[in-house]
Amino acid sequence: MLRTVVAVLILAAVADRGHSADGPVKPIPEVVPERIIGGSTSNIIPYQLSLRSYNTHTCGAVIISAYWAVTSAHCTAGGTISSLTLLAGTTNRLSGGALYRISRIVNHPLFDQRTHNNDIALLKVSVPFNFNDLVHPIPLAYSGQTPTTGSAAMVSGWGSFSTNSPALSTYLQSVVIPVIDNSTCNKLLNGRITANMLCAGPLTGGKDACAGDGGGPLVVNGFLHGIVSWGVGCAQRNSPGVYTNVSALRLWIASVTGV
Ligand code: ARG
């Protein structure tokens with residue numbers, strides 16, 4: 001008896017996939033989440049932080065040790081140790097996780113606001129990050145280590161999903177994009193790429209970081225190679241995203257943090 005009931009239920013369920021009372025089942029509309037452009041909603045990324053100003057998301061940041069996070073210098077502009085905090089351990093920008101106070105902000109002394117050269121800042125937390133499955137650091141690229149052109153890089157954040165919309169994503173997004181070599185990128189971006197920058201993004205466009213992703217991680221083979229810095233619009237053809245080159249600034253990071 002039970003078997004028959006189960007069989008009937010299964011048959012009904014199978015039949016239901018093709019048809020319904022009013023005809024063929026409409027395809028489920030593809031959900032287009034607010035996002036990093038061209039990416040998808042991500043599981044927890046333990047090194048990803050939300051940098052907050054008065055507890056409102058303004059940028060991404062990255063855990064590099066128990067006491068230190070790295071972000072972009074353009075993200076700390078105007079910020080103070082009392083206005084900025086870091087949210088760790090949640091994929092939802094609006095709930096969960098643990099909020100950390102900041103005791104030191106160290107902007108790169110040669111950061112150039114106009115060219116975005118040396119777009120890096122270090123943030124020291126008041127109490128160490130409580131490491132667990134949801135919260136832990138990512139190793140930094142070694143000094144002078146350049147990722148191979150075309151290798152897969154993952155960028156993540158809560159930034160906006162289009163150049164023209166300021167709306168942030170509620171849930172963490174990520175996308176995998178190819179590393180572009182500096183000379184190609186420099187040609188595409190009219191000579192604006194310095195040795196302290198790194199480019200990534202398909203030349204066909206469609207996948208990129210965008211506003212609100214600044215300061216966030218670009219990871220290649222498990223190492224932090226880039227920090228979201230700037231771009232010409234977002235996800236445009238022949239216009240890769242530009243990242244702070246961590247390996248070029250690796251010794252400065254070590255000199256400040258000991259990491
Ligand atoms: N400046 C932006 C921010 O701070 C990041 C822009 C990145 N743009 C890009 N096309 N990859 O949020």
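Counting starts at 1 for both ligands and their atoms, following the listed order.
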Minimum heavy-atom distance between R52 and L99, given as atom pair plus value |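 For R52 and L99, the tightest heavy-atom pair comes out as CG-CD1, 4.1 Å.
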
Fit a plane to each ring of H74 and H116, take the angle between them on a 0 to 90° scale, and name the class: parallel (under 30°), tilted (30 to 60°) or perpendicular (over 60°).
->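 Correct class here is perpendicular.
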
Are a donor atom and an acceptor atom from the side chains of D181 and S183 found within less than 3.5 Å of each other?
->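 Per modelled atom types, D181 and S183 side chains form a pair under 3.5 Å.
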
Going by distance alone, is a donor N or O of one side chain under 3.5 Å from an acceptor N or O of the other, for Q173 and S40?
->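 Their side chains do not contain a donor-acceptor pair, so the 3.5 Å distance test is not met.
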
Under 4.0 Å from ligand 1 - residues by heavy atom, chain and number |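 Near ligand 1, by chain and number: H74, D208, A209, C210, A211, G212, D213, G214, V228, S229, W230, G231, G233, C234, G241.
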
Partners of I81 by side-chain contact (heavy atoms from CB on, under 4.5 Å), sequence neighbours excluded?
->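 Residues passing side-chain contact (heavy atoms from CB on, under 4.5 Å) with I81: I102, I105.
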
Going by heavy atoms in the side chains, are I63 and L49 under 4.5 Å from each other?
->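 The answer is yes; the side chains approach within 4.5 Å.
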
